[in-house]
Structure formats: C-alpha cells, structure tokens
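Keep in mind the model is a prediction, meaning the values are calculated, not measured. Positions are given from 1 along the sequence.
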Amino acid sequence: MEKKLRVGILGATGMVGQRFISLLENHPWYEVVTVAASPRSAGKSYEEAVGDRWKMTTPMPEAVKHLTVMNVNEVEAVAAGVDFVFSAVDMTKDEIKAIEEAYAKTETPVVSNNSAHRWTPDVPMVIPEINPEHFEIIKDQRKRLGTERGFIAVKPNCSIQSYAPVLTAWKEFEPYEVVATTYQAISGAGKTFKDWPEMEGNIIPYIGGEEEKSEQEPLRLWGTIVNGEIVKAQEPVITCQCIRVPVLNGHTAAVFVKFRKQPTKEELIDRLVNFKGLPQELDLPSAPKQFIQYLEEDNRPQVALDVDFESGMGVSIGRLRTDSVYDYKFIGLSHNTVRGAAGGAVLCAELLTAKGYIKARD
C-alpha cells in the first residue's frame, strides 16, 4: 500500500481501545491519527487521559502519547480527519447503535468491536476465515443509510472464537448438537487483577448476556443473505454456560458435539489443521499462517503456554476424543482481546480494505 490509511479509534482509552492501539503500532497499512473518548478525556493528551490505566504488557506507543483526545460525540470533527474508524466505545447499546450509525453517515466506515449492531439485519458480523461473503450485504446497508462510502461491520463475541471455527472446519460432517462451557478471562470484562482483586482464586458462574451470545452468534456466522438481510442458520443447536475464571487473557472452552455423519478422529484433526480462509489466501498482515493448531499432549491447550499462538490470532485445540453420550469432545483456547476483540476487528478491516470497501477518502 502506497500510503497508509488514516485510522481513528473510538473509545481509545478503554482496554479494547488500548489493544487496538498496541496492535496497530507499525501496521503496514494503517496509521492511528485520531483517538476519541468520552468528554472527560477530551482535550488531554492520550498519555494523560489514560494515566495509570494502561493495561497492555507492552509500552504505550510513542506515536500516540501526544495525540490530543477528541470528544467521541463530536462525530463530524472526528470523522473529518480519518479514512475509517474502529469502535470500542463504552456506552449503552442504544447509544452505541446511534453513534456508530452517525459515523457511518459521515461516509466513514466503522469496524466495531461492540455487540450493539451484531443483530442489525444488514450489518455483517464476520470472522474473516468463516463468512467473508457476508460483507456483500454492505451494499444493502448503504442503501438504507443513504451512504456511498460509509457502513458498519462488526466482529462477533470473544466467547465463540475457540469453537465456532472448529465447527466450521467440521461442517461436512454435519454437527447438529453442541454443548459448550466457556471459562473466560477477566480482560473480557476490561479488567486486570489490579482492578479486580476479588477475582484472584475465585470463579463466578455468571457473565451477563454471554450465554445467549455464545449460543446464537455462531448461527448468524453460518447464516445466509436473503432479500438484503442475514438470516441465521438453524443448526447446530448450541447450549452454553459461561464462567468467569481467574485468568488475565484467554478464553477456554470445553465442547461436546454430535454429528449426523460419523467422522474418525484423524479426519477431524486433518480438517482442523488444514482449515484456511480468505485471510490466509490473501496473506493479510494480521492473518495467522496456521489458523487452528491441534495439540496432542493430554494437558494442552493451556493459557500459559498457548494463548499467544500466532500472536494471539490463532486457535488452539486439544483433547479431542470420543464421548460416552455425545460423539466427540474437545478443549479449545483463543485469545479474547486479540482474536476475540481488537485483533479480529483489525483482520476484518484488512479484508474490507483488500476487497475495496475501505479506501482513502478522495
């Protein structure tokens, strides 16, 4: 790319906003030129606005430290200086819907980490290796919004990244019933152990809204476009429990699957390790070379050893075995703030750029 696209981060001071900033440091296609946050942060330098709340393990990039934080509600002013924005705003669902549409209507593409638009019928919710064809609905969304360039695209919930790709890789064997329990890291709540000391040595068997997302969002990924809307798939039926565990980064899932066509274990592993998508074919900057790895050891995957596989953009699977009630069971692991949040959104933006949906303003 001759000249880097100018990127704005909405909600730049929060944990996912910080992850966007750390991932985009030295990105070959994108340059963060604008950071926007709540009115209380506006007018401060980014370094000052974040203060002692920098949650990444790597230092704050020098290039953003002295950017002046803009008021995210001043939509026209923020949009004027960027080619597109990533959204990680911390607002109510209705407020997020409204502000993301407002940005789109300034002819600014919005790639969102938020859940607010995941079920808007003409907004694509995409894992680029699974359902890139859903980006085709953008033309219908633009008609509704009255835009030529602006649109909203979203990525799905962090909780599904460790099993939805697996079930996609096994599609030919027709999985039809799935039971999943997810063990979710505290960074999924935007926290560290410093912020949330009561999570040390603790488990909380409830995460608001997660179980419905974990059961329903994969079905939308596997859905089809009908008359300008995405219609979700009906199978496999998924039931899920979501548990908060004392881990900083990395969501683990224990999953049971029933198939209509009976595969061998060797066939299932083969489909996992050879599963590729458009990001791999196009060699996008953030695409993992190996999307899914299979680990033979009985005690893998482990958060401590495997969460950063492919710089946090890959998925690790282990303990695949037959089950006495279901056909097979396995353990999955994915990085919740990289693949599951900011990294997944960056990969979406890269694919949107490669396909011509995001480009420099004239």
Side-chain angles (χ1 to χ4, degrees), residues 7-20 35-39 71-75 78-79 82 84-128 131 134-135 137-138 140-142 144-147 150-161 164 184 187-190 207-221 223 228-232 242 336-337 339-349 352 357-358:
V7 177
I9 312 289
L10 313 181
T13 58
M15 179 175 272
V16 175
Q18 292 177 24
R19 180 67 74 182
F20 274 122
V35 288
S38 65
N71 182 346
V72 74
N73 299 313
E74 295 176 358
V75 175
V78 174
V82 300
F84 76 100
V85 296
F86 289 110
S87 176
V89 290
D90 182 13
M91 298 176 174
T92 67
K93 191 165 283 195
D94 286 343
E95 288 170 336
I96 292 169
K97 278 186 174 181
I99 200 165
E100 289 182 350
E101 281 209 0
Y103 274 94
K105 286 176 178 177
T106 67
E107 300 292 1
T108 306
V110 177
V111 181
S112 179
N113 181 69
N114 297 305
S115 65
H117 275 293
R118 287 183 193 153
W119 290 93
T120 302
D122 59 9
V123 170
M125 181 181 76
V126 171
I127 292 177
N131 61 325
H134 282 193
F135 285 141
I137 205 163
I138 287 170
D140 297 287
Q141 185 194 144
R142 282 172 167 162
R144 174 175 63 85
L145 295 176
T147 60
F151 64 87
I152 302 160
V154 301
K155 50 143 289 297
N157 200 49
C158 52
S159 63
I160 73 172
Q161 312 286 332
Q184 299 187 204
S187 58
I207 308 171
E210 285 296 282
E211 289 166 0
E212 183 185 8
K213 293 173 188 175
S214 302
E215 293 169 353
Q216 294 298 314
E217 287 188 15
L219 298 174
R220 192 169 197 258
L221 292 178
E229 296 188 352
I230 296 167
V231 178
K232 73 175 184 177
C242 298
N336 56 295
T337 67
R339 169 58 79 162
V346 171
L347 190 59
C348 281
L352 286 161
Y357 289 98
I358 293 175

Does V346 form a side-chain contact (heavy atoms from CB on, under 4.5 Å) with F20? I'd like the steps, not just the answer. CA-CA 8 Å; V346 171; F20 274 122; 3.9 Å; yes
E101 vs L145, side-chain contact (heavy atoms from CB on, under 4.5 Å): CA-CA, chis, key distance, verdict: CA-CA 8 Å; E101 281 209 0; L145 295 176; 3.8 Å; yes
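- Here the closest heavy-atom approach between residue N71 and residue V78 is recorded as O-CG2, 3.6 Å.
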For S187 and T337, what are the C-alpha separation, side-chain angles and deciding distance, and is it a side-chain hydrogen bond (donor to acceptor under 3.5 Å, both in side chains)? CA-CA 7 Å; S187 58; T337 67; 4.9 Å; no
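- Applying the salt bridge (Lys or Arg N to Asp or Glu O under 4.0 Å) criterion to D122, with sequence neighbours excluded, gives R144.
- Side chains of L352 and I138 form a contact here, defined as non-hydrogen atoms less than 4.5 Å apart.
- A heavy-atom distance below 4.5 Å is found between the side chains of I358 and V111.
- Interatomic distance, NZ of K213 versus SG of C158, reported as 8.0 Å (0.5 Å rounding).
- Not one N or O on the side chain of H117 forms a donor-acceptor pair closer than 3.5 Å with the backbone of A153.
- Rounded to the nearest 0.5 angstrom, R142 CZ and Y357 OH are separated by 7.5 Å.
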Given N73 and M91, is the side-chain contact (heavy atoms from CB on, under 4.5 Å) satisfied, shown in steps? CA-CA 11 Å; N73 299 313; M91 298 176 174; 3.7 Å; yes
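- For E210 and N157, the side-chain atoms include at least one donor-acceptor pair closer than 3.5 Å.
- The shortest non-hydrogen separation linking T147 to K105 is CG2-CA, 3.8 Å.
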Assess the residue pair I160 and L221 against the criterion (side-chain contact (heavy atoms from CB on, under 4.5 Å)); give the C-alpha distance rounded to whole Å, side-chain angles, the decisive distance to 0.1 Å, and a yes or no. CA-CA 11 Å; I160 73 172; L221 292 178; 3.8 Å; yes
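- Side chain of Q184 to main chain of C242: no donor-acceptor pair is present (N/O by atom type, distance under 3.5 Å, no hydrogens or angles).
- To the nearest 0.5 Å, the span separating CG on L10 from OG on S112 amounts to 8.5 Å.
- Here the CZ atom belonging to F135 is positioned 7.5 Å from the CZ atom belonging to F151, to the nearest 0.5 angstrom.
- Of all non-hydrogen atoms in S87 and E100, the two that sit nearest each other are OG-OE2, 2.8 Å.
- E217 meets the salt bridge (Lys or Arg N to Asp or Glu O under 4.0 Å) test with R118; sequence neighbours excluded.
- For E211, there are no salt bridge (Lys or Arg N to Asp or Glu O under 4.0 Å) partners, not counting sequence neighbours.
- When every heavy atom of K97 is checked against every heavy atom of A116, the shortest pair comes out as CE-O, 3.0 Å.
- Side-chain contact between M125 and T120 is absent, with no heavy atoms from C-beta onward closer than 4.5 Å.
- Between the side chain of Q18 and the main chain of T13, a donor-acceptor pair closer than 3.5 Å is present.
- Side-chain N or O atoms of K155 include one that pairs as donor or acceptor with a backbone N or O of G340 at under 3.5 Å.
- The CG atom of N336 sits 8.5 Å away from the CZ atom of R19 when rounded to the nearest 0.5 Å.
- V154 approaches I152 most closely through the heavy-atom pair CG1-CG2, 4.2 Å.
- Residues G17 and A88 approach most closely at N-CB, 4.0 Å, considering heavy atoms.
- Taken to the nearest 0.5 Å, the CG atom of N114 stands 11.5 Å off from the CD atom of E95.
- Counting heavy atoms of neighbouring residues, nucleotides and ligands inside a 6.0 Å radius, atom CG of D90 does not exceed 12 of them.
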